[in-house]
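Since the structure comes first, as structure tokens, the remarks are kept for the end.
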Amino acid sequence: GYCHQHLFYYSEPFFRRLCFEFGFKILKLYVGDVLRVICQKDVNPDRPDKKILRKQIEEYKKRANKEQERFLSDIKRIEKFLTHNDEPVYWWGAGSSSIIYLSQIKTANLRHIIIILDSDKDKIGKFIPGSLLLVNEWRMIKNKGIKKLVVASEFIGEIEEKMAKENILYKELLHIC
């Protein structure tokens with residue numbers, strides 16, 4: 001099932017590929033509030049739909065490779081953005097994107113470089129898994145000028161509105177997501 005706080009979830013295409021790769025065929029697939037798959041070992045490995053599945057898998061692999069290249073490019077951009085700082089870098093967003101990106105950054109001792117901000121009261125005062133970075137309330141930068149800001153959120157428009165309203169200025173912005 002899918003929960004927005006989870007980093008991974010299962011989908012119909014995922015189960016189709018999984019069954020194909022391990023020699024199963026899907027007898028019934030129910031998609032609704034839950035995803036239910038009934039499958040059995042495939043005794044006819046030369047079914048015509050196998051060619052379609054192989055093509056879909058190749059297309060999926062191409063998309064996955066392209067997404068991986070984009071992700072690795074983002075990591076390089078983030079690492080470059082974090083280097084040579086005499087002031088902390090503020091990082092707005094404590095969701096799954098931040099967890100994923102922060103777990104891949106090779107910059108040593110992130111706690112001395114990055115200050116995490118978020119507006120979600122359920123996240124404030126907690127830590128980003130894997131990095132031990134404390135999540136602070138975004139208002140801590142109210143009426144401040146900051147040098148560098150990373151926004152790891154799809155809500156960039158709302159965040160920029162909040163910042164303008166609260167007189168939060170920045171010199172450099174890196175938006176990821």
Side-chain angles (χ1 to χ4, degrees), residues 1-15 17 31 33-35 56 59-177:
Y2 173 78
C3 175
H4 74 284
Q5 294 298 324
H6 292 180
L7 299 180
F8 305 100
Y9 61 95
Y10 301 108
S11 63
E12 179 184 348
F14 168 81
F15 274 107
R17 192 186 93 235
V31 180
D33 290 341
V34 296
L35 180 64
Q56 288 174 341
E59 289 171 5
Y60 170 79
K61 285 179 181 177
K62 286 178 187 175
R63 285 194 320 267
N65 286 336
K66 188 175 182 178
E67 185 61 26
Q68 182 183 24
E69 288 172 13
R70 185 198 60 78
F71 177 76
L72 294 174
S73 172
D74 283 351
I75 293 296
K76 286 179 184 176
R77 286 177 38 227
I78 294 166
E79 288 177 338
K80 184 178 178 182
F81 196 75
L82 294 176
T83 57
H84 309 297
N85 289 306
D86 51 352
E87 297 177 29
V89 175
Y90 291 87
W91 183 293
W92 195 311
S96 58
S97 293
S98 292
I99 294 168
I100 293 168
Y101 281 111
L102 289 167
S103 71
Q104 298 300 310
I105 295 172
K106 294 179 178 76
T107 304
N109 210 348
L110 293 176
R111 285 182 276 164
H112 295 291
I113 299 171
I114 297 175
I115 297 174
I116 304 291
L117 306 169
D118 206 282
S119 59
D120 185 338
K121 292 176 182 156
D122 292 331
K123 294 177 184 175
I124 295 168
K126 297 189 173 111
F127 294 88
I128 299 289
S131 67
L132 297 178
L133 291 167
L134 178 66
V135 179
N136 299 279
E137 185 176 10
W138 68 273
R139 285 186 178 90
M140 77 178 288
I141 59 171
K142 186 176 177 179
N143 295 317
K144 284 188 180 178
I146 57 177
K147 189 172 180 181
K148 291 186 173 185
L149 174 68
V150 175
V151 177
S153 172
E154 294 180 15
F155 302 107
I156 182 93
E158 293 174 28
I159 291 168
E160 287 182 323
E161 284 177 24
K162 279 183 188 180
M163 292 177 65
K165 184 178 177 183
E166 299 296 339
N167 195 29
I168 300 168
L169 307 172
Y170 56 85
K171 288 185 180 180
E172 296 179 66
L173 172 74
L174 176 63
H175 180 229
I176 54 174
C177 279

*Has the side chain of D118 got a donor or acceptor atom that lies under 3.5 Å from a matching backbone atom of K123?*
no
*Which value, rounded to the nearest 0.5 Å, describes the distance between L117 atom CG and W91 atom CH2?*
11.5 Å
*Test E79 against I105 for side chain to side chain contact (heavy atoms under 4.5 Å, CB included), laying out the working first.*
CA-CA 7 Å; E79 288 177 338; I105 295 172; 3.9 Å; yes
*At their closest point, which heavy atom of L134 faces which heavy atom of N136, and how far apart are they?*
O-ND2, 3.3 Å
Got a list of side-chain donor-acceptor pairs under 3.5 Å for residues 63-70, not counting sequence neighbours?
unit_1 : atom_1 : unit_2 : atom_2 : d
N65    : ND2    : K61    : O      : 3.3
E67    : OE2    : R70    : NE     : 3.1
E67    : OE2    : R70    : NH2    : 2.4
R70    : NH1    : D74    : OD2    : 2.5
R70    : NH1    : Y101   : OH     : 3.4

*Where the side chain of S98 meets the backbone of G93, is there a donor-acceptor pair that is under 3.5 Å apart?*
yes
*Sub-4.5 Å side-chain heavy-atom contact between L173 and I156*: yes
_Any side-chain heavy-atom pair of F71 and I100 under 4.5 Å_ = yes
*Does the side chain to side chain contact (heavy atoms under 4.5 Å, CB included) test come out yes or no for W138 and I168, once each step is laid out?*
CA-CA 10 Å; W138 68 273; I168 300 168; 4.0 Å; yes
_Straight-line distance of L169 CG to K144 NZ, nearest 0.5 Å_ = 13.0 Å
*CZ (F15) with more than 12 external heavy atoms under 6.0 Å*: yes
_Reported OG1-to-CD1 distance for the pair T83 and I78, which is rounded to 0.5 angstrom_ = 12.5 Å
*Among all residues two or more places apart in sequence or in another chain, which pass the side-chain contact (heavy atoms from CB on, under 4.5 Å) test with E161?*
none
*Give, for atom CD of E154 and atom NE2 of H175, the distance between the pair rounded to the nearest 0.5 Å.*
7.5 Å
*What distance do L149 atom CG and F81 atom CZ have between them, rounded to the nearest 0.5 Å?*
7.0 Å
_Any non-hydrogen side-chain atom of I141 less than 4.5 Å from a side-chain atom of I115?_
no
*Can you tell me how far CD1 of I176 sits from CD1 of I75, rounded to the nearest 0.5 angstrom?*
7.5 Å
_If you count heavy atoms of other groups shown closer than 6.0 angstrom to OH of Y60, is the number above 12?_
no
